[in-house]
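This report concerns only the one structure given below.
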2 protein chains.
Amino acid sequence: MANKGCIIRLSRYRNALLRLKALNFVKVFSENLADSARVTAVQVRKDFSLFGISGNRRGGYLIEELIAKISAILGKDEVQRFVIVGIGNIGQALLHYPGFKKSEIEIVAGFDIDQNKHNRQAAVPILPLEELGNFVEKNKIRFGIISVPDSAAQETLQLMLQAGIKGILNFAPICLKEPQNCVVRNLSLETELENIIYFTVLAEKEETGK
Amino acid sequence: MANKGCIIRLSRYRNALLRLKALNFVKVFSENLADSARVTAVQVRKDFSLFGISGNRRGGYLIEELIAKISAILGKDEVQRFVIVGIGNIGQALLHYPGFKKSEIEIVAGFDIDQNKHNRQAAVPILPLEELGNFVEKNKIRFGIISVPDSAAQETLQLMLQAGIKGILNFAPICLKEPQNCVVRNLSLETELENIIYFTVLAEKEETGK
DNA sequence: AATAAATTGTGATAAATTTCACATTAAACA
DNA sequence: TGTTTAATGTGAAATTTATCACAATTTATT
């Protein structure tokens with residue numbers, strides 16, 4: 001029913017709504033949300049329609065109400081806890097990324113094979129990889145982030161699956177196969193930058209071509 | 001003509017091809033690339049067809065040749081240099097992210113308003129934000145990464161535009177408007193994780209629903 | 001109370017993207 | 001050398017996603 005684009009937009013609407021709420025706004029129009037997410041107003045309303053979210057004809061939407069509804073859809077009625085495997089550059093950064101808090105996302109532990117990185121006392125402890133299974137089971141963790149080198153990505157996936165992880169964001173630049181019973185999203189920074197390079201060069205060509 | 005999905009797939013094919021080449025493979029079939037990028041073989045051939053890439057009927061594609069062709073499309077015939085504005089968690093991680101090298105991507109400098117972060121001597125220097133314009137102009141930089149808090153994202157965009165940056169990856173969880181003469185891609189980590197949460201919860205519901 | 005104006009909500013339409021079906025070609029084999 | 005087989009390449013069909021057009025409704029105005 002709802003596609004990935006739609007869910008990404010819902011996240012964006014929500015972010016905008018939280019900001020509006022912080023500024024004490026009460027009502028919002030589809031046009032406003034469209035601006036904030038860089039889409040059309042019809043798209044916003046279509047997205048809402050898909051989830052049975054309705055506003056007041058002529059009167060827009062109540063921000064509080066809208067946040068509550070979108071939050072429920074996105075599973076934000078409770079804090080969602082993640083573990084990270086691979087405490088390198090990216091893993092370390094995500095471990096303490098301040099933006100997660102307002103999204104009801106919590107990184108509860110990191111795991112690595114490198115002894116030097118282990119630290120049980122830290123606010124977000126970094127533990128030996130061997131403890132992943134136990135930790136996930138004991139703490140009922142459902143989500144994980146893979147930020148290991150690509151050569152280790154596949155086996156990290158296996159470990160996470162065995163541990164019972166149900167949703168994974170993979171930063172390794174290798175496209176992991178989505179297994180049964182687990183959602184995997186592959187996000188490679190290289191690929192993102194390459195994408196920008198391509199479309200920038202293309203735009204420049206079009207400009208000079210005209 | 002080519003859409004974003006297509007370019008992302010080309011990056012993925014290329015990554016897989018580089019690995020195959022490192023293993024001394026010579027030929028590859030659309031089926032192989034499809035596996036590596038988690039798409040269908042027809043999709044691979046359609047993508048190639050779009051760019052006039054052709055192989056040998058019955059004989060697949062020559063890896064070397066394919067890498068060269070895709071690299072040219074993705075602008076990898078030369079190293080592409082990026083600056084990063086905002087040396088916080090994410091910015092710091094990207095500054096030294098080892099995966100960029102093999103993708104012909106180089107981070108040449110970081111910029112921040114915080115004096116304590118400045119370091120001209122570092123391999124990748126971290127400079128005062130005021131120097132962004134000069135640096136970009138002098139070094140003919142075309143690409144930038146925004147990793148500042150969302151409250152500073154919009155003005156950072158303005159600075160980059162004034163400096164002459166033509167392609168931007170924005171990590172701030174605010175959707176920046178794509179200006180004239182500049183490509184902007186908004187990538188928010190929160191949003192990516194929310195996306196995974198949604199589809200994981202959905203899959204679980206479907207499972208129990210059945 | 002009647003009319004005008006502004007906004008939502010959605011079926012119908014259009015556009016974009018992917019998949020299908022199959023013609024074409026090259027290699028392998030008999 | 002002819003036949004079979006296994007791949008590519010691509011127009012057409014199907015599917016997915018976004019846009020359009022406009023009815024429905026609410027609020028504001030006269």
Side-chain angles (χ1 to χ4, degrees), chain A residues 1-13 16-17 20 25-67 69-70 73 175 178 186 191 195 198-199 202, chain B residues 1-13 16-17 20 25-67 69-70 73 175 178 186 191 195 198-199 202:
Chain A
M1 196 181 185
N3 58 33
K4 203 167 90 177
C6 175
I7 301 303
I8 287 179
R9 290 193 296 273
L10 284 186
S11 290
R12 288 179 173 166
Y13 304 151
L17 289 165
L20 289 174
F25 283 95
V26 174
K27 281 199 288 188
V28 68
F29 298 121
S30 59
E31 195 77 47
N32 303 137
L33 291 171
D35 289 342
S36 78
R38 304 297 155 195
V39 294
T40 65
V42 184
Q43 177 93 77
V44 174
R45 299 199 299 273
K46 253 280 147 85
D47 288 341
F48 288 174
S49 153
L50 206 59
F51 288 100
I53 294 176
S54 60
N56 314 304
R57 300 209 179 204
R58 183 70 213 278
Y61 304 82
L62 291 175
I63 290 174
E64 289 266 18
E65 212 175 294
L66 210 42
I67 291 175
K69 282 178 182 168
I70 296 178
I73 292 165
C175 226
E178 187 150 77
N186 295 291
T191 299
N195 208 43
Y198 174 82
F199 284 104
L202 182 69
Chain B
M1 198 181 185
N3 58 34
K4 202 167 89 180
C6 176
I7 300 302
I8 287 179
R9 289 193 298 272
L10 284 186
S11 291
R12 288 180 172 166
Y13 304 151
L17 289 165
L20 289 173
F25 283 97
V26 175
K27 282 199 288 188
V28 69
F29 298 121
S30 58
E31 195 77 45
N32 303 136
L33 292 171
D35 289 343
S36 79
R38 305 296 154 194
V39 294
T40 66
V42 185
Q43 177 86 271
V44 174
R45 299 200 298 274
K46 251 285 146 83
D47 288 341
F48 287 175
S49 153
L50 205 60
F51 287 100
I53 293 176
S54 60
N56 314 304
R57 300 209 179 206
R58 185 72 214 279
Y61 304 82
L62 291 175
I63 290 174
E64 289 266 18
E65 212 175 294
L66 209 43
I67 291 175
K69 283 176 181 168
I70 296 178
I73 292 165
C175 226
E178 188 152 74
N186 296 291
T191 300
N195 208 41
Y198 175 81
F199 285 104
L202 183 68

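From a predicted model like this one, the values you see are computed outputs, not experimental measurements. Proteins get letters first, then strands, A, B, ... in listed order; numbering begins at 1 in each. Basis for what follows: all heavy atoms, side chains included, without hydrogens, waters or symmetry-related copies.
- Using a 4.5 Å heavy-atom threshold, the side chains of B/Leu66 and B/Phe48 count as touching.
- Taking 4.0 angstrom as the limit, A/Gln43 places a side-chain polar atom (N or O) nearer than this to OP1 or OP2 of D/dT19.
- Taking atom CZ of B/Phe29 as the reference point, atom P of D/dT8 lies 7 Å away to the nearest angstrom.
- For D/dT19, its base sits under 3.5 Å from the side chain of A/Lys46 at one donor and acceptor pair at least.
- Between the side chain of A/Arg57 and the base of D/dA24, at least one donor-acceptor pair of N or O atoms lies under 3.5 Å.
- Note on A/Gly55: only backbone sugar-phosphate atoms sit closer than 4.0 angstrom, heavy atoms only; bases stay farther off.
- The separation between B/Tyr61 atom OH and D/dA7 atom P is 12 Å, rounded to whole Å.
- Taking the nucleotide of DNA chain C with the nearest heavy atom to each of B/Asn56 and A/Asn56, the more 5' of the two is matched to A/Asn56.
- Whole-Å rounding puts the B/Phe48 CZ to D/dA7 C1' distance at 14 Å.
- Going from atom CG of B/Leu33 over to atom P of D/dG9 covers 12 Å, rounded to whole Å.
- Straight-line distance from the CZ atom of A/Arg9 to the C1' atom of D/dT19: 12 Å, rounded to whole Å.
- Between A/Ser49 and C/dG9 there is no side-chain polar atom (N or O) within less than 4.0 angstrom of OP1 or OP2.
- At whole-Å resolution of the value, CG in B/Leu10 and C1' in C/dT17 are 15 Å apart.
- Across the protein-nucleic acid pair, A/Asn3 atom CG and C/dA16 atom P stand 16 Å apart, rounded to whole Å.
- Within the 4.5 Å cutoff, no side-chain heavy atoms of A/Tyr198 are placed close to those of B/Lys4.
- Taking only side-chain nitrogens and oxygens, B/Arg45 never comes nearer than 4.0 Å to OP1 or OP2 of D/dG9.
- For the pair B/Thr191 and B/Asn186, the minimum side-chain heavy-atom distance is 4.5 Å or more.
- A 6.0 Å sphere centred on CD of A/Glu178 holds more than 12 heavy atoms belonging to other residues, nucleotides or ligands.
- Residues B/Leu17 and B/Leu33 have side chains in contact (heavy-atom distance under 4.5 Å, counting atoms from C-beta outward).
- One atom, CZ of A/Arg58, and another, P of D/dT25, lie 16 Å apart when rounded to the nearest Å.
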